[in-house]
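For reference, the structure discussed in these notes is given below.
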Amino acid sequence: MTAVRPVDAASILLLDRSGGGIRVLVGRRSSRHVFMPDVYVFPGGRRDATDRLVPVSGPLNPLACERLALRTGTRCSDSRPRALGVAALRELYEEAGIAVGRPLDAVAGGDLPFRPDLSSLRFLARAITPAGMVRRFDTRFFTCFTDEAGIDPAGATASHELEDVQWIDIFDPGGIDMPDITVLILEELRKSIQEDKSLPFGRAAPLYYTQRGRFLRDLL
């Protein structure tokens, strides 16, 4: 059997702190999905080949980019870190209807109707799907505050990709069914918020992966 190689992916934890606490946006994956159906996750998906070509209205913060580039064989000057940020915001728009960036006056072809603004993205964590799964992803998890990005939390809408889109308290998710990795990343967010509510751009990010059957956590 040919080994399944992980493909680049990006996910975003969009955070709303307007009500005193902190809520994160999640949605239920459609039952039609082969990979993790009927569970609640953060918006996200694989990096498209065209993501590196999408014009942006704001670049990644240099500190976040440096962390993102670690152990990938790339530098911040390369297109890969930028493309991962674009992928996170593209998926947020496609799955939850929220555009983080500058609107365009006209849309041509399959382009996004906005230029993604990557400047408010923090790199939170990275996780690689273990071998043996039907799908494998090398996922970078980003965070973004709605107030910094000028986003109205009420604008989130469900899609054919993510159903029952909702905001949940990061400290009290209400018992919804989430995959183990989503629970783990949410716990990383809680720890980060408790350490510093501003979520500094250059904060060390954990890398989760499996090696010889052992589940490991390193810091980037």
Side-chain angles (χ1 to χ4, degrees), residues 1-15 22-31 33-47 60 63-74 80-81 83-85 87-88 91-92 95 121-144 161-162 168-196 199-220:
M1 180 181 294
T2 303
V4 177
R5 295 178 61 86
V7 298
D8 275 346
S11 183
I12 184 163
L13 284 72
L14 187 62
L15 306 176
I22 299 179
R23 303 185 300 166
V24 64
L25 186 68
V26 298
R28 187 180 66 244
R29 284 175 61 83
S30 169
S31 60
H33 283 288
V34 175
F35 186 74
M36 297 195 303
D38 299 315
V39 291
Y40 285 82
V41 297
F42 314 116
R46 71 174 62 213
R47 174 177 65 88
L60 285 166
L63 294 177
C65 190
E66 287 175 9
R67 291 289 180 183
L68 188 62
L70 290 174
R71 291 180 62 170
T72 60
T74 62
R80 191 177 181 188
L84 287 164
E91 291 286 342
L92 177 63
E95 296 187 340
L121 294 180
R122 279 85 162 162
F123 176 41
L124 177 69
R126 178 182 174 191
I128 303 174
T129 309
M133 301 290 286
V134 65
R135 299 280 190 277
R136 295 190 68 201
F137 298 98
D138 186 347
T139 305
R140 281 68 163 194
F141 294 86
F142 295 89
T143 61
C144 177
E161 294 282 341
L162 280 189
I168 62 170
D169 189 318
I170 67 169
F171 292 102
D172 183 15
I176 63 174
D177 186 16
M178 294 185 289
D180 290 343
I181 189 59
T182 302
V183 173
L184 197 59
I185 297 301
L186 185 58
E187 180 59 30
E188 288 291 347
L189 174 65
R190 294 189 192 109
K191 292 177 183 177
S192 299
I193 289 290
Q194 289 171 330
E195 291 173 4
D196 190 330
L199 294 180
F201 286 95
R203 179 184 177 276
L207 164 63
Y208 289 101
Y209 64 104
T210 301
Q211 187 175 74
R212 297 178 180 175
R214 295 177 58 206
F215 187 63
L216 303 174
R217 179 185 186 273
D218 288 346
L219 283 179
L220 299 174

For Leu60 and Pro81, which heavy atoms make the closest approach, and how far apart are they? CD1-O, 3.5 Å

Is the closest side-chain heavy-atom distance between Tyr40 and Ile168 below 4.5 Å? no

Closest heavy-atom pair, Arg122 versus Leu199, reported as atoms and distance to 0.1 Å, is NE-O, 2.8 Å

Find out whether Ile128 and Thr210 are in side-chain contact, i.e. whether some heavy atom of one side chain is under 4.5 Å from a heavy atom of the other. no

Decide if atom CZ of Arg46 counts as having more than 12 heavy atoms of other residues, nucleotides or ligands within a radius under 6.0 Å. no

Quick check: closest heavy atoms across Pro130 and Arg136, and the distance to 0.1 Å? O-NE, 3.3 Å

Within a radius of less than 6.0 Å around CG of Asp180, do more than 12 heavy atoms belonging to other residues, nucleotides or ligands occur? no

Rounding to 0.5 Å, atoms CZ (Arg23) and CG (Leu15) come to a distance of 11.0 Å

Can you give me the closest heavy-atom contact between Phe142 and Leu84, atom names plus distance? CE1-O, 3.7 Å

Value rounded to 0.5 Å, distance of CG in Leu68 from CG in Leu124: 12.0 Å

Leu14 vs Pro43 side-chain heavy atoms within contact, under 4.5 Å: no

Counting distance only, does the side-chain N/O of Arg67 pair as donor-acceptor with the main-chain N or O of Gly202 below 3.5 Å? yes

Arg29 and Leu162, any side-chain heavy atoms less than 4.5 Å apart: yes

For Thr129 and Phe137, indicate whether the former's side chain and the latter's backbone hold a donor-acceptor pair under 3.5 Å. yes

Does Glu91 use its side chain to pair, donor to acceptor, with the backbone of Ser11 at less than 3.5 Å? no

Looking only at heavy atoms, the pair that brings Ala87 and Arg47 closest together is CB-CA, 4.0 Å

Aromatic plane relationship, Phe141 with Phe42 - under 30° parallel, 30 to 60° tilted, over 60° perpendicular: perpendicular

Would you give the length of the straight line joining atom CG of Leu219 to atom CZ of Arg71, rounded to the nearest 0.5 angstrom? 10.0 Å

Distance from Ile170 atom CD1 to Ile193 atom CD1, nearest 0.5 Å? 5.0 Å

NZ/NE/NH1/NH2 to OD/OE distance under 4.0 Å, Arg28 and Asp177: no

Mind checking the CG-SG spacing from Leu121 to Cys65? Nearest 0.5 Å is all I need. 11.0 Å

Taking the side chain as every heavy atom from C-beta outward, state whether Asp196 and Arg203 have any atom pair closer than 4.5 Å. no

Looking just at side-chain N and O atoms, do Arg80 and Thr72 make a donor-acceptor pair shorter than 3.5 Å? no

dist Glu188:CD -> Lys191:NZ (nearest 0.5 Å) comes out at 5.0 Å

If we only count heavy atoms from C-beta on, is the Leu186 to Leu189 side-chain gap below 4.5 Å? yes

Taking side chain as C-beta onward, heavy atoms only, is Glu187 less than 4.5 Å from Val183? no

Only one of Asp218, Thr139, Asp138 passes side chain to side chain donor-acceptor pair (under 3.5 Å) with Arg126, and that residue is Asp138

